[in-house]
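Read the structure below first, then the notes.
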Amino acid sequence: MHGGDDQHETAMEPGFDFISPRFEEPKFPMHQVWGYAASLVLTFAALWMTVNRIMSPSVLLGVVLAMAVAQGALQLGVFMHVRESRGPAWHLLPLGMAFAIGIGLVGMSAWIMLFKSGVS
Amino acid sequence: MSSRALDDKAQKLQLAELPPEFQDQEESIKITGFWLFIVTDVLIFASLFATYAVFVNRIASGPTPAQVFQLNTALIETLILLTSSFTIGIAIWAMRQNRQRMVLAWLALTAALGMAFVSIELVEFAGDVAVGWGWHTSAFLSSFFLLVAAHGTHVTMGIIWAVALLFQLRKRGLTTVTRRKLYTFSLYWHFLDIMWVFIFTVVYLGGRLI
């Protein structure tokens with residue numbers, strides 16, 4: 001590794017700053033409390049919107065899915081400390097890859113089933 | 001001193017600021033390895049979600065999703081799991097503050113919430129099967145039980161892991177190794193919470209929307 005001056009972040013190749021490690025250890029777990037509150041708000045909001053059918057079902061499905069993605073990001077960022085690592089947080093790359101493949105797999109399966117013709 | 005030696009010194013200072021489970025090279029590699037396990041589990045759940053999305057309308061002569069799912073139960077399950085995700089988050093925070101008794105208490109609470117979750121889920125499944133809505137009834141129910149029970153099995157494994165960790169932490173205290181184990185357990189538990197949020201959204205809320 002090069003660049004010894006910087007004590008808090010390991011020097012990175014240009015363009016790879018996003019995997020530089022981060023740590024946070026506050027005296028009170030404020031992040032966790034906010035993360036919990038936010039996940040509760042998102043859950044109840046999604047439930048309320050669904051029960052009251054505030055918009056057309058297909059649009060609503062997209063909205064509640066977006067809220068689920070937000071909750072997932074919240075868990076990863078607030079609780080899983082996704083950027084904590086000894087050196088560069090290399091696990092971010094395969095994790096992003098897995099999310100991309102997962103979204104592709106589910107999305108394309110759902111999409112292909114929209115065509116009602118053919119075998120069933 | 002050569003610049004290379006200065007670099008090494010800076011790196012050692014930097015490492016000394018890390019939590020013990022990351023300072024130790026072997027333990028930190030195990031954490032990275034656990035992330036790779038989570039990556040593979042993401043792919044398993046993705047294929048189960050894809051299967052569910054394909055089969056959700058194939059109800060044969062069985063019930064529709066709206067008939068099967070009760071939002072009250074699903075909401076209670078969701079609240080329990082969200083709370084357990086919070087409690088294990090606090091346990092990790094307490095671990096970083098070196099407060100062992102607090103870690104034990106929050107970890108025990110997490111395991112108890114996990115047990116409550118699995119119990120409610122089993123009662124829900126038993127109720128479905130009792131009225132003849134088993135996993136052989138339709139492709140929809142097969143994929144539903146496969147997806148949701150895969151998650152439930154993961155949670156059950158997590159409970160066993162948490163209980164084992166409770167005993168080990170009591171016996172050995174917060175060592176580099178037990179810290180790493182608790183850390184990877186928290187990753188596992190939060191990951192299961194994320195998967196449940198998607199099950200709640202796609203399966204239970206989605207059941208009302210399609």
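First the proteins, then the strands, lettered A, B, ... as listed; each starts at 1.
- Of the two parts of B/V42, only the side chain, counted from C-beta on, holds a non-hydrogen atom closer than 4.5 Å to a non-hydrogen atom of chain A.
- The candidate from A/A46, A/S109, A/A68 with the greatest count of non-hydrogen atom pairs under 4.5 Å with chain B is A/A68.
- With a 4.5 Å cut-off on non-hydrogen atoms, B/Q25 touches chain A through its backbone and its side chain both.
- For chain A, the nearby part of B/L36 is the side chain; its heavy atoms alone come within less than 4.5 Å.
- Counting non-hydrogen atoms of neighbouring residues, nucleotides and ligands closer than 6.0 angstrom, the CD atom of B/Q23 exceeds 12 such neighbours.
- The distance from atom CD of A/Q75 to atom CH2 of B/W196, rounded to the nearest 0.5 Å, is 14.5 Å.
- Counting non-hydrogen atoms of other residues, nucleotides and ligands closer than 6.0 Å to CH2 of B/W161 gives a total above 12.
- Within residues 51-58 of chain A, the residues having any heavy atom closer than 4.5 Å to a heavy atom of chain B are A/V51, A/R53, A/P57, listed by residue number.
- If you measure heavy-atom distances from A/F28 to chain B, the contacts under 4.5 Å come from the backbone alone.
- B/T51 does not touch chain A: none of its heavy atoms, backbone or side chain, sits under 4.5 Å away.
- The residue among A/L47, A/I101, A/L42 with the most heavy atom pairs within less than 4.5 Å of chain B is A/L47.
- Within the 4.5 Å cutoff, the side chain of B/I38 has no heavy atoms near those of the A/H91 side chain.
- Residue contact with chain A, scored on non-hydrogen atoms closer than 4.5 Å, involves the backbone and the side chain of B/S85 alike.
- Here A/S85 is the residue among A/G107, A/G102, A/S85 with the most heavy-atom pairs under 4.5 Å with chain B.
- Heavy-atom pairs under 4.5 Å with chain B were tallied for A/Q71, A/E84, A/M67; the largest tally goes to A/E84.
- Of the inter-residue distances, the one linking B/Y183 atom OH with A/M80 atom CE reads 8.5 Å to the nearest 0.5 angstrom.
- The residue among B/I194, B/I90, B/L82 with the most heavy atom pairs within less than 4.5 Å of chain A is B/L82.
- Under the rule for a ring pair (Phe, Tyr, Trp, His ring centres under 6.0 Å), the partners of B/H190 that lie at least two apart in sequence or sit in another chain are A/F79.
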List the steps, then state whether side-chain contact (heavy atoms from CB on, under 4.5 Å) holds for B/N57 with A/M113.
CA-CA 10 Å; B/N57 292 317; A/M113 292 309 284; over 6 Å; no
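- Among the residues in residues 30-40 of chain A, those with a non-hydrogen atom closer than 4.5 angstrom to a non-hydrogen atom of chain B are A/Q32, A/V33, A/Y36, A/S39, A/L40.
- A heavy-atom distance below 4.5 Å is found between the side chains of B/P19 and A/F23.
- Neither the backbone nor the side chain of B/I88 comes within less than 4.5 Å of any heavy atom in chain A.
- With a 4.5 Å cut-off on non-hydrogen atoms, B/S47 touches chain A through its backbone and its side chain both.
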Can you give the donor-acceptor pairs under 3.5 Å from side chains of residues 197-210 of chain B to other protein atoms, not counting sequence neighbours?
from: B/T201; atom 1: OG1; to: B/V197; atom 2: O; distance (Å): 2.8
from: B/Y204; atom 1: OH; to: B/E124; atom 2: OE2; distance (Å): 2.9

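- Residues A/R86 and B/L18 meet the side-chain proximity criterion, which asks for heavy atoms closer than 4.5 Å.
- Within a 6.0 Å radius of CZ in B/F55, other residues, nucleotides and ligands contribute 12 heavy atoms or fewer.
- Side-chain contact check for A/L92 versus B/W35: every heavy-atom pair is 4.5 Å or farther apart.
- Heavy-atom pairs under 4.5 Å with chain A peak, among B/T32, B/I31, B/T78, B/L75, at B/L75.
- You'll find the side chain of A/V106 stays beyond 4.5 Å of the side chain of B/Y52, heavy atoms only.
- The shortest heavy-atom contact between B/A46 and A/L105 is C-CD2, 3.9 Å.
- With a 4.5 angstrom heavy-atom cutoff, B/I92 touches chain A only via side-chain atoms.
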